[in-house]
2 protein chains.
Amino acid sequence: MNAQTNTVSSVEKALDVIELLRESGTARLSTVARDLDLSKSTAHRHLKTLEQRGYVVDTDDGYALSLQFLDLGEFTRTRNPAYQLAMEKVDELARRTDERAQFMVEEHGRAVYVYRKTGNHAVKADSFPGKRVPVHASAAGLAILSKLPDSRVEAILAQHGLEALTSKTITDRDELFAELECIRERGYSINDQGTIEGLRAVGAAVTDADGTVIGGLSISGPINRMRGERFEEEFPSLLLGATNELELNIAYQ
Amino acid sequence: MNAQTNTVSSVEKALDVIELLRESGTARLSTVARDLDLSKSTAHRHLKTLEQRGYVVDTDDGYALSLQFLDLGEFTRTRNPAYQLAMEKVDELARRTDERAQFMVEEHGRAVYVYRKTGNHAVKADSFPGKRVPVHASAAGLAILSKLPDSRVEAILAQHGLEALTSKTITDRDELFAELECIRERGYSINDQGTIEGLRAVGAAVTDADGTVIGGLSISGPINRMRGERFEEEFPSLLLGATNELELNIAYQ
DNA sequence: ATTCAAAGTTCCGTATAACGGGACGAATAG
DNA sequence: CTATTCGTCCCGTTATACGGAACTTTGAAT
């Protein structure tokens, strides 16, 4: 099929099935076959393989992904002890600010939500653990970028470009590098409605003892509460304090 | 390879790789090849396929599962709106009892933790979302079994048997069926140290409007706090009340 | 610095097993 | 009761997944 790439195409088909089920929630054999352009027998064989191994369940409404993925997902975020410490800090930040706090990690050139906690003034959010957003359009992502070697930043840009999510998203290459420089000087990042209109955030990168980036913490909230002294002084210093403590915890755990 | 079963063996290999990474946390190409008895080129092709699709990351310490699984895992537990309602009830139960509460679901003949919340008197637990335990050795699992058709129970027994986790685990077939009958009469299940020595729990099944089992709620705690009036009256009635409300919420949401 | 060993990547010919088509059986609807 | 759709199974063909080997890179040791 794809002679160029040196991959296992049956595995790709299986992943296509998984992703289809991820999108549809539930799907019948014939639907899977049609949507993925496979013969019924092939779709059947793939679904049964995944089912036998416990990754798919066959319900009355069709096939669906099983909770096996919950185990794998939970594993990916507890594997790294630094993530667990970061999660505790997120709780603390959310409690102290009453806004939303989150910990994100860069993976495959995108920023992934690892953990998120909303304070009492909860803002309905469309983010959830595992969700991926462009690095250049999130406070944590920008903070992470600012501590990555330039070559890495270039590679990410080449792969994903600078998609605009709102009219305020950074879409210019030079502007991005200027902003990263700014973040390095300031020590923290600002995302002013770059992800969602009306939402502002401050972020800071978390590094280990060698200076390698682990992820980024951020605090976000609606523009009417994210301004003035709170936004310019209180939150940044809270965030930097939390990041600092976290880095110490990680280094000397 | 396995001519009997009608499965896709390349996909099985890929799943082997995923499961190896789940166990090892991180593994190098040569390790993967050796452990799974694959040639280096095959292991390489599989790892790169998974990496290209975003399911694996190539770090300094070797390959590891990516946070893509966090997205899939989170999806499996939010897909079903009933699960979300159940999670809210778990929070309520944990708060009101100050013990640990959980919601579990039966899948592939095993009981899976979907969500768990520990009250203030937190007991360190080895359970986590996605973890699978034998149905016959958990309060929620037993409650679920009691509402499944006998044929289904038989099938589960045939597949998994009655493994003993402690000296108190039900290991006798007849004893299990007697216990299930008992649960039906009582309306809730009791797990007296069947999972872990010193841990007791009460559980109840959650069904939808047609009587189809959705999952099970349970409250668990150390034996010194799970006894007397609390264990025999208060918790069961709290649990049954919560289950009842939950079923109404699910039916008329 | 230089050498050596181990790990990782790429290429290629061969044998296998993944594929689609079709036949059969089951379930649902008209 | 018939017709249609859906799911399962089987089989011959061919694409492709495989292992071996050559090559490159990494990094450890001297």
Taking atom types as modelled, is there a side-chain donor on B/S127 or B/Q102 under 3.5 Å from an acceptor on the other? no
If you look at every heavy atom in A/S10 and A/H46, which pair is closest and at what distance? O-CE1, 3.2 Å
Scan side-chain atoms only and decide if A/E12 and A/T7 contain a donor-acceptor pair under the 3.5 Å cut-off. yes
Would you say the side chains of B/E163 and B/T169 form a donor-acceptor pair under 3.5 Å? no
Whether the B/Y115 and B/K89 side chains hold a donor-acceptor pair (N or O, under 3.5 Å, no angle test) is what I'd like checked. no
Rounded to whole angstroms, how far apart are CG on B/L29 and P on C/dG8? 5 Å
Counting only heavy atoms and a strict 4.0 angstrom limit, can you tell me which residues of residues 53-64 of chain B come near DNA chain D? none
Cut-off 3.5 Å, side chains only: do B/R53 and B/Q68 have a donor facing an acceptor? no
Hey, do the aromatic rings of B/Y113 and B/F128 have their centres closer than 6.0 Å? no
Enter the inter-axis angle for the ends of the helix from C/dA1-D/dT30 to C/dC24-D/dG7 (five pairs per end, rounded to 10°). 50°
Does this structure show an ion pair linking A/E19 with A/R22, if we count only N-O contacts that are shorter than 4.0 Å? no
In whole angstroms, how far is the C1' atom of D/dT8 from the CG atom of A/L47? 13 Å
Between A/R110 and A/E107, does any side-chain N to carboxylate O distance fall below 4.0 Å? no
Distance in angstrom units between A/K48 NZ and D/dC6 P, rounded: 16 Å
Phosphate OP1/OP2 of C/dA17 contacted by B/S10 side-chain N/O (<4.0 Å): no
Rounded to whole Å, how long is the line connecting atom CZ of B/R28 with atom C1' of D/dT26? 10 Å
Testing C/dG8, C/dA18, D/dT16 for proximity to the side chain of B/S30, the answer is C/dG8
Given A/L72, A/L21, A/L65, A/I18, the one that forms side chain to side chain contact (heavy atoms under 4.5 Å, CB included) with A/Y55: A/L72
Tell me if the centroids of the rings in A/F75 and B/F69 come within less than 6.0 Å of each other. no
What does nucleotides 20-30 of chain C look like as a protein-contact string, B for base, S for sugar-phosphate only, - for none, at under 4.0 angstrom between heavy atoms? BB---------
How close or far is atom C1' of D/dT5 from atom CZ of A/R34, stated in whole angstroms? 12 Å
Nearest-angstrom distance from the residue atom CG of B/N6 to C1' of D/dG7: 13 Å
Between B/H44 and C/dG8, is there a side-chain N or O to OP1/OP2 distance below 4.0 Å? no
